[in-house]
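Naming: A, B, ... by sequence-line order, numbering from 1 per chain.
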Amino acid sequence: KHLNQFIAHSALDIVDEAMWGTNQMYLKVVDRFNDHHVSAYVTPSGAKFMLIHEASTGDVRSFFTDLHELYVKVMMNPFSEVNGAIDSHQFDVKVRGIARKYLSG
Amino acid sequence: MQGNPNTNNRSTAALPSGQRAKQTGEDIWKSRTDKINAELFTLTYGSLVAQLVKDYEDYIEVNAQLDKMGYNMGCRLIEDFIAKSGMTKCGSFVETADVISKIGFKMYLGITPTITNVSPDGKEFSLVFEENPLAEFVELPDEAVRELWYSNVLCGVLRGALEMVLLQVECQFVSDVLRGDESTEMKVKLVKVLDEEVPAADE
């Protein structure tokens, strides 16, 4: 479990490279580590969403799209800081909700 | 003006009934006001409040500043309001409430807050806001939740505008959905009618 953070961070470099190769936001699977797949989604403002999952997960693209919408709403809050951590409990609850909806595991 | 036989907003001298006020407000909103992008408006007000919070660091003080700003806005706004709506004197404070909600708020924010809790002597009422364009997407930080009235500028606006028509009022919010309450409600209380009235025209 503690490896997850390490995996996500090391995949960041790959995302950085991959995002220049395409004009899509959704980057699909950018890295593999044993049986962990890392999918990425880059927003136009440069925020990167990373998801670590097993190969058999469901609709990752829709998950990222909905996540992007939630992210935009958080950014619209005047009290949020642009590059800071997102503390909002509501955001957390909603993300878990869409995770249940789109991802099977 | 538009050949529609049903709306005769300004031609009669009779003061508007609830229905007439609503119609007036909607007409003005549709035709005689300039519109601005809602997100731009929300973001502007949001950054205003966020900056005040950063500058003063004391939420009570921020509330007071918002009220002061609103007061200055209200003093000027009333002229624009009267010019656009052509309203004449209201017969009672309760009628004033109706006009504020159906014409005033409708013209400037596109919303009509509901009037509730009218006191028996007619000197107090509450405005309940089902939607609040100022506060879209806003989540208050934890320390602010107990003390900040996010939309306090509206209290100042009402206070300033009504003072210019010789009604001294006190306005304050009593609940706000941003604070986790069930509804957003502002209480308006008439303190006194000010003197220096111009004598009525029917002498």
So between chain A and chain B, what donor-acceptor pairs come in under 3.5 Å?
residue	atom	partner	partner atom	Å
N77(A)	OD1	E139(B)	N	3.1
N77(A)	ND2	E139(B)	O	2.9
S88(A)	OG	E139(B)	OE1	3.0
S88(A)	OG	E139(B)	OE2	3.1

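For Y41(A) and F49(A), the ring centers sit closer than 6.0 Å to each other.
Every pair passing ring-ring contact (aromatic ring centres under 6.0 Å, His included) that includes a residue from residues 72-107 of chain B is listed here, sequence neighbours excluded: F93(B)-F125(B), F105(B)-F129(B). Pairs of residues two or more places apart, or lying in two chains, that qualify as salt bridge (Lys or Arg N to Asp or Glu O under 4.0 Å) and include a residue from residues 14-24 of chain A are D16(A)-K48(A).
Remark: I78(B) CD1 to I82(B) CD1 distance equals 4.5 Å, nearest 0.5 Å. Taking CG of L154(B) as the reference point, atom CG of L134(B) lies at 5.0 Å (rounded to 0.5 Å).
A search for side-chain contact (heavy atoms from CB on, under 4.5 Å) contacts involving A40(A) returns V15(A), L27(A), V30(A), M50(A), not counting sequence neighbours.
Only the side chain of L148(B) comes within contact range of chain A, with at least one heavy atom under 4.5 Å from a heavy atom of that chain.
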